[in-house]
Amino acid sequence: MLRDDADYLLLRKVAKAWATEYSRTTVRLYDGQHETEPEVVEPLYTAITEIDPRRPLWERASEALHAHGYEWPLGPFPEVGIVTMFVEQQAAGYGEPIAEACVQITANGGLLRVRIILKAGAGWQSRTVSAGKHKSVVDVAKSVIAHLRKG
């Protein structure tokens with residue numbers, strides 16, 4: 001299959017589909033500010049998608065938030081005050097998900113203060129993002145991820 005361009009393209013397509021089936025990205029939103037995912041608190045919102053693990057972190061998180069797959073609860077969602085978003089990846093056959101990012105979001109008027117902690121404390125950065133017209137925690141999470149995707 002590697003000698004023929006058409007066969008190679010087919011092989012890449014099949015490999016991408018296979019990789020997607022074996023990786024899941026989960027985004028959970030919690031009320032309040034946290035550095036680790038709370039064990040006894042129910043998330044405000046959970047979104048999960050099966051997606052190629054080789055795609056960039058923020059692209060996978062955006063896909064989970066926008067895909068009409070597994071989402072819970074269905075709404076309505078509270079307005080944002082202080083909320084923490086956790087993004088994790090889990091490969092099929094492996095019991096423990098891998099924490100990839102913790103995003104702490106604080107609403108202050110028309111602005112959002114965003115603090116990002118990557119891979120269990122490997123680094124952090126802070127940003128300020130316009131809140132825009134979106135007020136629910138899910139809308140704000142989508143807006144923040146869209147901003148992070150831009151780099």
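The structure displayed is predicted, hence computed values, not measured ones.
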- Query: With Glu42, which residues qualify under salt bridge (charged side-chain N to carboxylate O under 4.0 Å, His left out), at least two apart?
  - Reply: none
- Item | side-chain hydrogen bond (donor to acceptor under 3.5 Å, both in side chains), paired with Ser23, selected from Gln89, Arg54, Gln90 | Gln89
- Query: Rest of the hydrophobic cluster containing Trp72 (Ile/Leu/Val/Met/Phe/Trp/Tyr, side-chain heavy atoms under 4.5 Å)?
  - Reply: Ile48, Tyr70
- Query: Looking at OG1 of Thr26 and CD of Glu37, how far apart are the two atoms once the value is rounded to the nearest 0.5 Å?
  - Reply: 9.0 Å
- Check: Ile117 and Arg115 side chains under 4.5 Å, non-hydrogen atoms: yes
- Query: Glu88: what forms a salt bridge (charged side-chain N to carboxylate O under 4.0 Å, His left out) with it, not counting sequence neighbours?
  - Reply: Arg28
- Task: Not counting sequence neighbours, which residues clear side-chain contact (heavy atoms from CB on, under 4.5 Å) with Ala67? List them please.
- Result: Thr49, Glu63
Scan the side chains in residues 73-82 for donor-acceptor partners under 3.5 Å anywhere in the protein, sequence neighbours excluded, and list what turns up.
none

- Can you list the other members of the hydrophobic cluster that holds Phe86, where links are side-chain heavy atoms under 4.5 angstrom apart? Tyr30, Val40, Val41
- Item | Distance-minimising heavy-atom pair for Val137 and Leu29 | O-CD1, 3.8 Å
- Message: Going by side chain to side chain donor-acceptor pair (under 3.5 Å), name the residues that satisfy it together with Arg55, two or more places apart in sequence or in a different chain.
- Response: Glu59
- Message: With rounding to the nearest 0.5 angstrom, report the CD1 to CD1 distance, Ile145 to Ile105.
- Response: 7.5 Å
- Query: In Å, rounded to the nearest 0.5 Å, how long is the span from CG of Leu10 to CG of Asp5?
  - Reply: 12.5 Å
- Query: Do Ile116 and Trp58 come within less than 4.5 Å of each other through their side chains, counting heavy atoms only?
  - Reply: yes
- Query: Atom CZ in Arg12, atom CG in Asp7: separation rounded to 0.5 Å?
  - Reply: 14.5 Å
- Message: So which atom in His34 and which in Thr84 form the shortest heavy-atom distance, rounded to 0.1 Å?
- Response: N-OG1, 3.0 Å
- Message: Could you work out, with side chain to side chain donor-acceptor pair (under 3.5 Å) as the rule, every residue matching His147, not counting sequence neighbours?
- Response: none
- Message: Holding to side chain to side chain donor-acceptor pair (under 3.5 Å), I want the full list of residues that pass it with Thr25, two or more places apart in sequence or in another chain.
- Response: Arg60
